[in-house]
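The residues of the chain are indexed from 1 along the displayed sequence. Fair warning: this is a prediction, and the values are worked out from it, not measured in the lab.
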Amino acid sequence: MTPPPVDPALEDCDPPTGGKLSRERMLACALEIIDREGIEKMSMRRLARALGHDPMSLYRYAPNKAALLDGVAETVLDDLTVDPTDPDWAAQLRAVARQYRRIALAHPHVVPLLVTRPLATPLALRPLGTLRPLEAILALLTRAGFSSSDALHIYRALFGLLHGHILNELQELVDNPEETDDLLRLGLHRLPIGEFPLLRGLATTLATYDGAAELERGLDILLTGLTTTLTPTP
């Protein structure tokens, strides 16, 4: 008789040492499951099985799934560091952008928790861990001489660029990987040439998309524009 398949959640999340459960271990295990299978597969019951605990024990650390997902977002953003004392504010923002992209690519299934989920929650009700990068960037920019309102504008412009870039990079799809011709590989040959000559002509550029290089180009444009239009007070 063939044994039933092992739940992958049970394979990858080790039970807490000594049987003890903590919020940190619970969130780390939740992140492992989400990284592997996506948010839709996450449930309190499944997480409890992976941790070797009764589901009710998890509610001590997260009252519901929404709070659990907020905790996962905070855990991921703990890896994003901002130095508000950096005298080169533009270089620091560039470093933050690169970090944020690396985090998103390392945890693609968590991106909705970072990009779209916060939009459904008033700013003051969001998890504190998700607001700390904002506070640190505001401190960086006001220390550099920008007004508070300009600092907020810069933050919004930066993360607007980042979120758009990340969603675009993660959703880059190839229509037919077996094709060697870029026009055919991307499926652009299906577009009427009379209506989309410029887009079809970009087949090679689109096929050689480089996420890191594309982000740098976007940052060059953004930071140059900000430096030109917004002048910090010495």
Establish, from distance only, whether the side-chain atoms of Glu74 and Thr130 form a donor-acceptor pair under 3.5 Å. no
Return the CD to CG distance between Gln99 and Leu80, rounded to the nearest 0.5 Å. 5.0 Å
In terms of hydrophobic clustering (I, L, V, M, F, W, Y; side-chain heavy atoms under 4.5 Å; direct or indirect links), are Val115 and Leu105 co-clustered? yes
With rounding to the nearest 0.5 Å, note down the distance linking OG in Ser148 to NE2 in His153. 14.5 Å
Between the side chains of Arg101 and Glu216, is the shortest nitrogen-to-carboxylate-oxygen separation below 4.0 Å, so that they form an ion pair? no
I'd like to know if Leu186 and Leu199 are part of one continuous hydrophobic network [Ile/Leu/Val/Met/Phe/Trp/Tyr, side-chain heavy atoms within less than 4.5 Å]. yes
Among residues two or more places apart or on two chains, list those pairs meeting salt bridge (Lys or Arg N to Asp or Glu O under 4.0 Å) that have a residue in residues 107-134. Asp70-Arg117
How about Tyr100 and His163: are their ring centres within less than 6.0 Å of each other? yes
Do Tyr209 and Leu188 land in one hydrophobic cluster if side-chain heavy atoms of ILVMFWY residues count as linked below 4.5 Å? no
Report the distance from atom CG of Leu138 to atom CD of Glu135, rounding to the nearest 0.5 Å. 6.0 Å
How long is the gap from CG on Leu219 to CG on Leu215, to the nearest 0.5 Å? 4.5 Å
Should Arg185 and Glu178 count as an ion pair when the cut-off is N to O under 4.0 Å? no
When you check the side-chain N and O atoms of His107 and Asp35, is any donor under 3.5 Å from an acceptor? yes
Heavy-atom side-chain contact between Leu93 and Leu141 under 4.5 Å: yes
Quick one: does His165's side chain have a donor or acceptor within less than 3.5 Å of a partner on Gly211's backbone? yes
Spacing of Ile154 atom CD1 and Phe159 atom CZ [to the nearest 0.5 Å]: 13.0 Å
Among the clusters formed by ILVMFWY side chains lying less than 4.5 Å apart, do Leu230 and Ile221 turn up in the same one? no
Verdict with supporting geometry, Leu47 and Ile33, side-chain contact (heavy atoms from CB on, under 4.5 Å): CA-CA 8 Å; Leu47 180 58; Ile33 296 172; 4.2 Å; yes
Can you check whether Asn64 reaches Leu68 side chain to side chain, under 4.5 Å on heavy atoms? no
Is the shortest distance from a Lys or Arg side-chain nitrogen in Glu40 or Lys65 to a carboxylate oxygen in the other one below 4.0 Å? no
